[in-house]
There are 2 protein chains.
Amino acid sequence: MPERLQRKTAHSPTHSLSDRALADFKVGVDNVIFSVDTAQNRLLVLLVMRQEEPFLGQWSFPGTLVRHGESLEDAAYRILAEKIRARNLYLEQLYTFGGPDRDPRESAHSYGVRYLSVSYFALVRFAEAELIADGVSGIAWYPLDQVPQLAFDHNKVLEYGHRRLRNKLEYSPVAFEVLPELFTLSDLYQLYTTVLGENFSDYSNFRSRLLKMGFLSDTGVKASRGAGRPASLYRFDAEAFAPLKDKPLVFI
Amino acid sequence: MPERLQRKTAHSPTHSLSDRALADFKVGVDNVIFSVDTAQNRLLVLLVMRQEEPFLGQWSFPGTLVRHGESLEDAAYRILAEKIRARNLYLEQLYTFGGPDRDPRESAHSYGVRYLSVSYFALVRFAEAELIADGVSGIAWYPLDQVPQLAFDHNKVLEYGHRRLRNKLEYSPVAFEVLPELFTLSDLYQLYTTVLGENFSDYSNFRSRLLKMGFLSDTGVKASRGAGRPASLYRFDAEAFAPLKDKPLVFI
DNA sequence: TCAAAAGTGTTTATGCTACACCCATGG
DNA sequence: CCATGGGTGTAGCATAAACACTTTTGA
């Protein structure tokens, strides 16, 4: 997010005490975890119901505060592992939200401690992802278009995550982190349309473009789903993809 | 940066005291400020010499710790304003580095306080950017290929910044934040070659592609630099560009 | 009048788009 | 045998890549 300098009124550099009035922080990690239900063509995001103040009883992204000796990424994996059992997953840092007053705990009982949130963006395979209901808290896959008002600034976080997902889909092979290991080309196409919206491309063109790239291997196995001609099941061939890594790809 | 789950040895969820052993943080902001010297076709990055421990006397990015009531972005603008007077600048968040042991102060005198760094990516116009030498500390524009060993993990931060710069150049009109207000098309071309490396495109093709996009307006004024035919001075026309915003552009 | 830098144009190959069409299956 | 979804092919247009050429200046 670009920000433009608008002749801000700078803090006067008084070299006084205020120079050392550093804020103390707790650092939280929040995971925006996406998945796609290929059967129903729905884009899902994982929400948990908060069991503590603030925002008790509201939906939010699974998050945690960072512990002693723990890296940000470790913390991200830790809550992830608490909420979900997934065999395969993709995780990367999303954005850091750190304004004052973004967390109601700040001004309250905790002597000016600030809460900063480093958000992470994750993708998991829907079929392989087993939610861990600990019997107490709520946890649910929410269709993206039905996400309610969230705790903290999490609706803004979601915006960032969604934008990242769309970009990733276009320029990197993340789709195969979300699809089951074996998938048909229409599965792939449906995934793209549900995330990127209708009319992003013609099916047959999408198909030939992807096949020409050469990293989708036809297993020969056919999948019959109701009426119509059975489709071939494909698999993403990581070796064949390797040379294309960090080349400017377009999956449009 | 994608990270892959490698069956990490998770912290045992003992529900013991360790559950609440939250780390305390100071949060720093570090600015990776790029500029381009069009006269000499050099890509520059702003470094300051540290005046305090740790890493006293080593080069680093201008940074500061976040103060009470100050947002991350405010802090970024604050140090920026301390080091440089710029009329126009571009700033966006880059990445957050937060592993334990990234700052030697952590294990030392400050009872386990962690130091986290939110890095920002900035672009300024070389001619308009006036460095503020406060008489004490060193400050300098370093050509990217001559950057020395830096303090903290700043060499890694620089890698991130450089990658971001290259991507931004290809997909967004940031080049015009770095160029002077009036520039020739070869200035623009030189900028792209110095950042993206030789042979990213033929000059004449680059030229016609850019002109066809229609947001470069010819001022009619000619600029003569030594021998050769004088070049037209162009200006970036923000209004003409507006409709193309967030369309998938390619400036290759 | 020549070299250097700016600017124009042309040719060829490649790619995207929009279709029309054929194939295999279940009902 | 027909509706449904899977899969193939192609004509026309737009763009990219390579390169030859012209124009305008300083020396």
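No experiment lies behind these values; they were computed from the predicted model shown. Here is the naming used below: chain letters follow the sequence lines, and residue numbers restart at 1 for every chain.
A salt bridge is absent between B:Arg125 and B:Glu177: the closest approach of a Lys/Arg side-chain nitrogen to an acidic carboxylate oxygen does not fall below 4.0 angstrom. Ion pair B:Glu92/B:Lys168 flagged as a salt bridge, since at least one NZ, NE, NH1 or NH2 atom sits closer than 4.0 Å to an Asp/Glu carboxylate oxygen.
Rounded to an integer number of Å, the gap from CG of B:Leu211 to P of D:dA16 is 14 Å. Regarding A:Tyr189, its OH atom lies at a distance of 14 Å from the P atom of D:dG5, rounded to whole Å. We find that CG of B:Asp187 is positioned 11 Å from P of C:dG7, with the value rounded to whole Å. For the pair B:Phe206 CZ and C:dA6 P, the computed distance is 13 Å after rounding to whole Å. Distance CZ (B:Phe183) to C1' (C:dA5): 18 Å, rounded to an integer number of Å. Rounded to an integer number of Å, the gap from B:Leu210 CG to D:dT15 P is 15 Å. Taking atom CZ of A:Arg225 as the reference point, atom P of D:dG5 lies 12 Å away to the nearest angstrom.
Note on ring orientation: taking the six-membered ring where Trp is involved, the planes of A:His162 and A:Phe34 are tilted (angle from 30° to 60°).
Between A:Tyr95 and the options A:Tyr160, A:Tyr120, A:Phe121, a ring pair (Phe, Tyr, Trp, His ring centres under 6.0 Å) holds for only A:Tyr160.
The two residues B:Leu191 and B:Val36 come nearest to each other via the heavy atoms CD1-CG2, 3.3 Å.
Taking side-chain N and O atoms only, A:Tyr203 has no distance below 4.0 Å to OP1 or OP2 of D:dG6. Regarding contacts with the backbone of D:dG6, every side-chain N or O of A:Arg207 stays at 4.0 angstrom or more from both OP1 and OP2.
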>> So if I define the base as every atom that isn't primed, P, OP1 or OP2, how would nucleotides 12-27 of chain C read as a B/S/- string at a heavy-atom cutoff under 4.0 Å?
In response: ----SBBB---BBBS-

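Within 4.0 Å of A:Ser232, counting heavy atoms only, lie sugar-phosphate atoms of the nucleic acid but no base atom.
Taking the ring centroids of B:Phe200 and B:Tyr189, they lie under the 6.0 Å cut-off.
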